[in-house]
Amino acid sequence: MTADDMKKAVALAALEYVPDDTPIGVGTGSTANHFIDALGASRIRVTGAVASSEATAARLKKVGIDVLDLNATGTLAVYVDGADEANHHLHLIKGGGGALTREKIVAAASQKFICIADESKEVKVLGEFPLPVEVLPMARSFVGREMVKLNGDPELRDGFQTDNGNLILDVHGLSIIDPVELESTINQIPGVVTCGLFARRPADVLLLGTPDGQVRTVTRQD
Ligand code: 5RP
């Protein structure tokens, strides 16, 4: 079973968490794309979806799901998205696709966050995947220097602009022992829009696809 097959399996499994007749939130990336396709092909009738990126909005429209404005929906019942890394507290690193800020907003505005990923994304300590940080263009170098002070090695994502018109610094070399504290520390640096740590608002349920075709469910303990 390939990683893509595992992503498809968890995308299908996530449908169980989607109620009828209500708006939901949808993330960005290849796993989220499988979820969009599965939702479009299912009998579930959501009233529409808030997209975490322009790419997700386009894919939702393609499968016939209305794209909604978060300002008009209020709190969403559920948010479904992938991740780049997840620990056993269901703290995540996200932003490999550069959509971290809108993803964080939609996750925060949702009652339940269902994270879907193949098993390779499960880690003991976050940080092997470089931490994406969205920065305002004028603050790029300043934020980079601040990342070095935190023992990180920042790299500008070459030729990439976020949907919000900003830049991404991918910060290598961080061993993230306290994700909640580091998320706050980085987010308080002037010029940072947000970092890709999802620890203050972690996932509630993590669905992990395994090589034998099964889906392992991890539920967050409060
Ligand atoms: C996009 C993300 C994605 O969820 C993350 O990069 C995982 O992507 P994929 O499902 O393609 O493995 O955070 O900003």
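Since the structure is predicted, the reported quantities are computational estimates derived from the model, not experimental observations. Count residues from 1 along the sequence.
Both Ile105 and Leu68 sit in one connected hydrophobic cluster of ILVMFWY residues. Membership requires side-chain heavy atoms under 4.5 Å apart, directly or through other members. Leu131 and Phe160 fall into different hydrophobic clusters, where Ile, Leu, Val, Met, Phe, Trp and Tyr side chains are chained together by heavy-atom contacts under 4.5 Å. Residues Val135 and Leu182 are members of one and the same hydrophobic cluster, defined by side-chain heavy-atom contacts under 4.5 angstrom among Ile, Leu, Val, Met, Phe, Trp and Tyr.
Residues satisfying the side chain to side chain contact (heavy atoms under 4.5 Å, CB included) criterion with His172, sequence neighbours excluded, are Pro130, Asp153, Glu155, Asp170. Partners of Asp212 by side chain to side chain contact (heavy atoms under 4.5 Å, CB included), not counting sequence neighbours, listed by chain and number: Thr210, Gln214.
Tested against Pro132, the residues Ile93, Thr162, Leu169 include a single side-chain contact (heavy atoms from CB on, under 4.5 Å) partner, Ile93.
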Kindly indicate, with the supporting measurements, whether the criterion side-chain contact (heavy atoms from CB on, under 4.5 Å) is fulfilled by Leu208 and Val215.
CA-CA 5 Å; Leu208 288 169; Val215 172; over 6 Å; no

Could you go through Asn166 and Gln161, starting from their C-alpha distance and side-chain angles, then the distance that decides it, and tell me whether this counts as side-chain contact (heavy atoms from CB on, under 4.5 Å)?
CA-CA 5 Å; Asn166 297 315; Gln161 192 181 52; over 6 Å; no

Give the intermediate values and the outcome of side-chain contact (heavy atoms from CB on, under 4.5 Å) for residues Val205 and Val218.
CA-CA 6 Å; Val205 176; Val218 187; over 6 Å; no

Candidate pair Asp118 and Ser120, rule side-chain hydrogen bond (donor to acceptor under 3.5 Å, both in side chains), full reasoning
CA-CA 6 Å; Asp118 68 87; Ser120 70; 2.4 Å; yes

For the pair Phe35 and Val10, evaluate side-chain contact (heavy atoms from CB on, under 4.5 Å) and give the outcome as yes or no after the intermediate values.
CA-CA 8 Å; Phe35 171 73; Val10 288; over 6 Å; no

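A heavy-atom distance below 4.5 Å is found between the side chains of Ile186 and Leu150. Under the 4.5 Å side-chain criterion, counting only non-hydrogen atoms from C-beta, Val78 is in contact with Pro19. Thr219 has its side chain out of reach of Asp204: every pair of non-hydrogen atoms, C-beta onward, lies at least 4.5 Å apart. When side chains are defined from C-beta on, Leu12 does not count as touching His34, because their heavy atoms never get closer than 4.5 Å. Within the 4.5 Å cutoff, no side-chain heavy atoms of Leu206 are placed close to those of Thr217. For the pair Val106 and Leu76, the minimum side-chain heavy-atom distance is below 4.5 Å. For the pair Leu197 and Leu126, the minimum side-chain heavy-atom distance is below 4.5 Å. Taking the side chain as every heavy atom from C-beta outward, Leu15 and Leu39 approach each other to under 4.5 Å.
Using a cut-off of 4.0 Å between Lys/Arg side-chain N and Asp/Glu carboxylate O, Arg59 and Asp37 are scored as salt-bridged. Under 4.0 Å is where a charged nitrogen must lie from a carboxylate oxygen, and between Glu85 and Lys94 no such pair does. Under 4.0 Å is where a charged nitrogen must lie from a carboxylate oxygen, and between Arg45 and Asp21 no such pair does.
In terms of modelled atom types and a separation under 3.5 Å, the side chain of Thr56 and the main chain of Ala51 share no donor-acceptor contact. Distance alone, capped at 3.5 Å, places no donor-acceptor pair between the Arg140 side chain and the Ile168 backbone. Checking side-chain atoms of Arg157 against main-chain N and O of Gly96 turns up a donor-acceptor pair under 3.5 Å. A distance-only check finds a donor-acceptor pair linking the side chain of Ser42 to the backbone of Ile44 [under 3.5 Å]. A distance-only check finds no donor-acceptor pair linking the side chain of Asp81 to the backbone of Ala32 [under 3.5 Å]. Side chain of Arg216 to main chain of Leu207: no donor-acceptor pair is present (N/O by atom type, distance under 3.5 Å, no hydrogens or angles). Between the side chain of Ser52 and the backbone N or O of Val26, at least one donor-acceptor pair lies under 3.5 Å.
Lys104 forms a cation-pi arrangement with Phe198, by the criterion of a distance under 6.0 Å to the ring centre and an angle within 45° of the ring axis. A cation-pi contact, defined as under 6.0 Å to the ring centre and within 45° of the axis, is absent between Arg145 and Phe142.
Note that NZ of Lys61 and CD1 of Ile36 are 12.0 Å apart. Values are rounded to the nearest 0.5 Å. With values rounded to the nearest 0.5 angstrom, Gln188 atom CD is found 12.0 Å from Glu146 atom CD. The distance from the NZ atom of Lys7 to the OG atom of Ser30 is 3.0 Å, given to the nearest 0.5 Å.
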N/O donor to acceptor pairs below 3.5 angstrom from side-chain atoms of residues 174-181, sequence neighbours left out:
unit_1 : atom_1 : unit_2 : atom_2 : d
Asp178 : OD1    : Val180 : N      : 3.4
Asp178 : OD1    : Glu181 : N      : 3.2

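Thr2 and Asp5 share a donor-acceptor pair across their side chains, judged by distance under 3.5 Å alone. For the residue pair Glu134/Thr194, the side-chain donor-acceptor check at 3.5 Å is not satisfied. Judged by distance alone, the side chains of Asn187 and Arg200 never bring a donor and an acceptor atom under 3.5 Å apart. Side chains of Thr47 and Thr22: no donor on one and acceptor on the other come within 3.5 Å. If you check the side chains of Asp69 and Asn71, you find a donor sitting under 3.5 Å from an acceptor.
Within 6.0 Å of atom CD in Glu122, more than 12 heavy atoms from other residues, nucleotides or ligands are found, so the atom counts as buried in its surroundings.
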